[in-house]
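Structure record follows, encoded as structure tokens.
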Amino acid sequence: MDTRKKIKTDNNKTKHPQYGMVVDLDKCTGCGACSVACAVENNQQPATPDMCSRTGNTWRMMYKVKNGEPFPDTKAVFVPMFCQQCDDPPCKYVCPQNAVELDPMTGIVAQIPERCFGCRYCHAACPYEARYFNWWDPKWPEGMEKTLNPDVSPRMRGVVEKCNFCHGRWQSARAKAAAEGRRELREDEYKTACQESCPTEAITFGDLRDPDSKVSKLVKDPDTFTILGRLGTKPKVFYRTTRSWVRRTVDRDIYSENKEKVHG
Amino acid sequence: MFPWVHEFRPELGHLIFTGGFAMVFVIVMTTIVIVFKKVYEIYKQRAVEKIAWQAAFEDFPTFNKRCRYEISGLFNERTCNNYFDCRECAVNKQLLEKGIPEKALAAAGDDGNTEIFGLNIPLDRMYHRGHTWVKQDEDGNYLVGLDDFGKRLIGKPENIELPEIGSKLHANGTAWKVKRGKADTRILSPIDGEVIETGDPEKGWYLKIKSEPDNVDTSHLLKHGKEIKAWFMKELERLQFALATDGVGASLADGGVLIDDLPKSNPDADWDGVYGEIFLEP
Amino acid sequence: MDLPSDVSDVISNRIEYGEAIIMSKTFNRRDIIKLVGGGLAGMVFTPIPWKLLDDISIWTQNWSWIPVPPKGEINSKYSICTICTAGCGIRARCVAGQPVSLWGIKDHPVNDGALCPLGFGGHHLAYHPARLRHPVKLVNDNNTITTTEADRDDIISIIADTIANIGSGRSNEIVAALDNRPGRTVSFAYRKLLAEIPNGMYVTTGSNGTDSMEGFSEITGENVNTFGFNIEKAKTIVSFGAPLMEGWGIPGRVYGAMKNGIHDKQFKLIQVEPRFSHSASVADQWIPVTPGTEAIFALGIAHVLIKQNFVEEVDESYKNLVAEYTPQRVSDITGIRRELIVDTARSLATNGPALILCGREPAGGPFSREEQIPIWGLNSLLGNIGPDKMIVPRNPVPAGKSFQDTELATVTKLSDVPDKSIRVLIIDESESGNAIPWQLIERKLVPDKAFVVSLSPYLVGMTKRAHYVVPAPTHLESYQDIPPSFDARTATYAVSAPMYTPPDKVTEPVEFLKLIAEKTGSDMPTGSYTDLIRERAGEIHKKNRGWVYNPTNGRITETADILSERQFWGLLNDGGYWIDEPVNDTQVTVKSLFGSVGKEKLKSKLDDISRPNLALQVKYPVMLVPFGWRGVVDSGPVTPLISKLYQESEFRQGTNRALIHPDTGSLYRLRKDRPAKIITEAGELTVRVEFNDSIRPGVVHVALGPDQDRITGVKEVKIKENVLSVSAVNGHGTWRSTPARIQTV
Amino acid sequence: MDKQLQVRGTTRMEFRKFITYLIPWFIVLGIGLYAMYLVFRYGLNHTNMDNRFAFGLWIYFDLAIIALGAGAFFTGLLLYVFKREEFKSVINSAVIIGFICYSGAIAALVVDVGQPLRAWFTLYRPNAHSMLAEVTFCLTLYLAVLAVEYVPIVLKNRKLKQIPSFLVFEFKLHKFMPILAGIGALLSFFHQGSLGGMFGVLNGQPFSFRETVLVFPSTFFLFILSAIAAGPSFIMLTTWLVSKISGKKLVTKNVFMSLGKISGILLLVYVLFKSIDSLYWLNKTSPAVGFTVADHYGYAPFGIWILLLEVIVLGLIPALILINKKFREKMHWLLTGAFLACAGIALNRFVTTIQTLSLPTLPFADFLTYSPTWEEVAIFLMVIAYGVIVYSFSFRYLPLFPQERELNSK
């Protein structure tokens, strides 16, 4: 019995947009602009001197993934990894105090820092390592707090945070649309910071429910896939590549590889 | 958890979850409340001393809970389950109604001796299992004293804490407290009643209890010589056992006679433990 | 007023009743406890405790030291990024006038929406902890720097006195200004002042990228500032070490090529580089040549191109030279398979237009002149040079009126300055984004007597070596003009309009120069820096050429249609970008494929470079090769949030991280994540070992990243050793690889 | 005065000696409290946990001591509900060990969370789907139950029971022990299970994800089984240890043997189910999502040996030792069996927490290792010191072993 399929999602009932993202790995140059733009947009704290890659707070973490071959046959691809906004988010089901919610209005997995008490069970649950705990008190150099984004509250020490598809931008966009008397957002009205920052436009973002949106068209592309989709968490972030080695390396599916071997 | 808390989910799973825990919580709390209520009731009935004795009694090893009729040979083996209060014992009642103990003890006969291993056991009085005796005085009131066995155990107490005149005593409740060296114990009261006068070791008695002849039930006390002596023999056995616990080779007797002041002659023994054992205070 | 009797009864009863309660003597302690207990129990059924609980939970999330972002009216301002020489257009999202984020501008003709990670944090720089807000005197005590506030006039007096001394004596000592970003209005001001005073010398480093075009200059005999690259048109780019993906030229242009061409196979990048660099990772093909043999590989390509008749006419002597570099020989030297050499040459010829770029590793410096010549030569062989081709001529940007028809100091390359000659050095320290080892500058200074003044707004990097600092306004604090990046197709011009007010005691470098002029009695234009920039904009407007891009509405207007200078200036103020017409009428002729070096000398030099020095290899068996990303290898501050790429991820290597092949590591008994010592002729450096099997065995790549003081500032300012301190810097200003030894600590 | 507080008829070491023996433990406690201060004041950056290794020594420790502390509820269940009177002689000690284990675990948990001030949110607005919410509820309530069970033992202190009303309260409360034991057992079953379920439900971690049996993942039941199998063994070991340290006989051997037998039988059942579960997981559950044995056991040092060690050396072998009467009659075999059983359960909890987090799930993530900081170790030792201190005082002043006096007479 596969319980993973049994978990119901609230979203099947909703008619609201369900936001998703496609990252084109062939276009990503790994410049890192998205990581910094994301940090600026979401008021992520700068590193303390003792921070390291394992204790940092990088909602949008860049990985350089290699094909496993040594010099001189090495190839690499850059994979930005962040909350995959699963439709069956394992983090949501494990959170003891409802600090993680699947927003039916957007399909965004929201992390509510005000409710979080920092047990980090969600870290253990997340296969994408996309959750970040505030191991330190957030500190900005003197005066720099003036540059904080007014749409996003800084989080405090001891709570978990993660990518939320720039939820603050969604709220601003909604407020703007509401002021114009509209309830629905246009595709270009709500963009994530990483999407906006990407110099090669490797990121496509939009409503997965809208069959005409760029993102839902891309999702149908056979070159588009999810990472660890077979775990059944139904991520709403997709990756795209036309390079077979990239796909094999990034989404190492031993099961299907074995099948391939049997057939050929 | 609560319907009025933001984000309350009226889902079945949530309700089962919180309901289940609420139930467990209620059960635990109810238990505690019931216990408090019971304690309060006991207070109201002024039965605290009685219940306290019962609680202590529960902790005795079986060895210490022998029925008086086992000691006197009426039963082969019987453990008291009535907190040494024969007045409320149904078996005792039946036995007494049929006069069986009387008959059996009479049949065994008594040699009239009032001394065992040098212990003086006058048979003109009734004995309680906490080593006190009760004797009706000339004025009809009851005198309460420590028996010879108890005297020798305590020897010369450094401190005796007697109840105030006018205080009510309950059988098996605390009568007075004694302290000897590092050891101390409370002496159980043999009967119910009001203290009207206090004595001291010199006088030979400690308390005078107001006579209320109609009310005083002494059926729980040892009266028959045979029974009393059998019990003393058992008590000597218990004393030996109690002293052995500590591994101190205590010498109890001097020429077949129990030493007058046992703690003095065996200062290393754990007298505190022995007192607890013999005076029934675990 | 009379009340009805029943009412007054009720009232009086109530009073009596109330009095009864107050007067009651039975109200004892037990009652109080009961009341309180009952009250507490009853409270549970009121909203009070639940509200209280909620309040507590809110309180626990609002600790006073968690900053609350200020609110205010939100609008956009447009300007130009001045962090490096690229000059990207930026849009600032401002809250009550305060920029809270910077963005690239979509469809911008220069950077096409792209901004590098450093640019995204540009608005943090004004608040950088290493910021200096007044002039300081620096004391270096055993590499620990202490500062005391200094008076600007005193510093100027010292400089003026020294200048006077030099002028009076027959000294050869030089008064120099070091400018990493030539071509700005302030650059002209430097040149003007230095022309006025005795032994004045205007020095540039070429670190803005032009140092990698020296070879091009050699073969064409042209000034590199009048050429650009037609990246957008290239179908294939062969990059000889050019860090196209690490922030080369205007990064947005390369990204634009990726964006538009990657899925249509319209754009192919071949990276010729010993290291599996960032660009090599992104490239379609990585050609991992042995370090130092890039030029030989270029000759191998030339050999194939000529042999297979992909090239029409070539100078016979060049043919002779190239003939020696058969694919087999090149393969032996470079370690690249023969077939790959042939294939690369073929794809260049067939999948054209192909652009050959020769680049500068941001940390590792440029190729030497001799290495550059054959690489740029390939462009000549492919017929790439000329209007509308791959390497196109462009017009120079006119100087402002004050700097026309007047004597300006000539531009001297740092490597051409005589050693131990500079007595007074003014470091402009507008960063080019690329590294300059301090040794390169230090060897030019008069020992013990040199006086170094930095105009940097921050106490970081090279400024720590100065004696005095007169801080300038920083990024987005004052008007700056943006000359074209070295790779720009046409001339461009823009003005970075300020968004912040600078602190009181900072000095615009032009004002500083004017004060020196005043003290030394030299002639200098009187206008403020803004005036001088505006003057230059006026000159450009007068030329009546090209277009202006207006980011506020995305419109492009012909300069000819902008009637007034005022309007032109206004447009530039709003982040407008002037873009010149392409130059179509100039034919570029290649003078000599050997440059000024000559065939024999070139050949012997290249053979020297590519021949392993066995004697040296015994003592120094490994090759130390520095690497880094543009913008973080130079000496300016960076946004604290760059930690997301360095510290808080394993994405980029921080300073002194050494990448070593595991085999090399085990050969020298190194351990992962442990310190190791690198020893070169220049000294010793402790690095942290990182094993990486994509690294060439026998090579140690050591990262040059931002130091902690450049990211978040430090309490104690120190001069720290890095890979540049132990790299061998040769006379031509390159330090790409250094023979070294590595051992455990 | 000290003697007056001790149980009548027992002898304890001299007061000065007792304090001297406790001083090192108090020092450990003090260091731990300082570490606790550092963590509360400056945050969890004083640990070596990180975003992936979000659980470290403390959670492992919690899981292990909660499993070993299961002896408390299980002995209570056997004594009060199933009327196995022989366990009367260890019940008091078991309750105190349970109390120490659970309160210690909660102390470690409070340090472990980022915002302990908000810990009550779980009770206030719980997520019923979360195993951790269940654990929190059960732990809180069960700790309360344990405290209620502890109270009568404290009230039996010689001085305290001279206050008659205390004795009466104790007496009446004792009458309700079966209810409390039953509730305690229910809560314990749930939280032991939920602790296992915590990891069994993680469908994002194929190493720990297990199939569901009756709403709960199989680890739910395995954790209960393993806890009740190890609990009696742990009670045996601690009783033996206390007996060794104090130089007193505390319980009769038949109690040890009974404990051993129960442990053995349950352990055998556990090993059987654990084997079935492991085989099913390795051959069905995990391959279904593309994870093979090599993904789980291919990273040094966590080879397949760790599974074999857990199931055979520290599972099957102690089970067989404890089940066999001949072995059981020999004290050293009995203790060896009990020790192996406890070690097996400790290893199981280690694998469940640490190995899960060590192994990469993301195809391009690395295998990670983790070593605790001194603060983590200090707080871990602090909880142990706290346990030793509480137990030592309890042993000195409270009647833990009713058989003691009898057994120590000549």
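In the text below, chain A, chain B and the rest are named by the order of the sequence lines, each starting its count at 1. Side chains included, hydrogens not; waters and symmetry mates left out as well; all remaining heavy atoms used. Just so it is clear, the structure is predicted and the values come from calculations on it, not from any experiment.
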Task: Proximity breakdown for D:V148 and chain B, heavy-atom pairs closer than 4.5 Å - done: side chain
Task: D:P402 versus chain B, the contacting section by heavy-atom distance below 4.5 Å - done: neither
Take atom [atom1] in [X]; do more than 12 heavy atoms of anything else shown fall under 6.0 Å from it?
X: B:K65; atom1: NZ; answer: yes
X: D:F166; atom1: CZ; answer: no
X: B:F75; atom1: CZ; answer: yes
X: D:E85; atom1: CD; answer: yes
X: D:K253; atom1: NZ; answer: yes
X: B:F84; atom1: CZ; answer: yes
X: D:K244; atom1: NZ; answer: no
X: B:Y43; atom1: OH; answer: no

- [ ] Among B:D272, B:V48, B:V39, single out the residue with the greatest number of heavy-atom pairs under 4.5 Å to chain D.
- [x] B:D272
Task: Option that, when pairs with chain D are counted at under 4.5 Å, heavy atom only, ranks first among B:I32, B:I42, B:V28, B:I16 - done: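 Max contact count across the listed options: B:I42.
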Rounded distance [0.5 Å steps], [atom1] in [X] versus [atom2] in [Y]:
X: D:N127; Y: B:F17; atom1: CG; atom2: CZ; value: 8.5 Å
X: D:H129; Y: B:H14; atom1: NE2; atom2: NE2; value: 9.5 Å
X: B:I34; Y: D:L173; atom1: CD1; atom2: CG; value: 11.5 Å
X: B:K38; Y: D:F171; atom1: NZ; atom2: CZ; value: 10.5 Å

If you tally heavy-atom pairs under 4.5 Å against chain B, which of [options] wins?
options: D:K172, D:K175, D:H174; answer: D:K172
options: D:V145, D:L180, D:L167, D:I183; answer: D:L167
options: D:A128, D:C138, D:A144, D:P399; answer: D:A128

Open item on the list: Tell me if a side-chain donor or acceptor on D:R8 pairs with a main-chain N or O of B:E277 at a distance below 3.5 Å.
Closed with: no
Open item on the list: Name the residue from D:Q162, D:R158, D:K161 that meets the side chain to side chain contact (heavy atoms under 4.5 Å, CB included) definition with B:E281.
Closed with: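 Of the listed residues D:Q162, D:R158, D:K161, the side chain to side chain contact (heavy atoms under 4.5 Å, CB included) partner of B:E281 is D:Q162.
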- [ ] Would you mind checking which part of B:T30 comes under 4.5 Å of any heavy atom in chain D, side chain (CB onward), backbone (N, CA, C, O), both or neither?
- [x] neither
Task: Parallel, tilted or perpendicular: rings of D:F137 and B:F21 (30°, 60°) - done: tilted
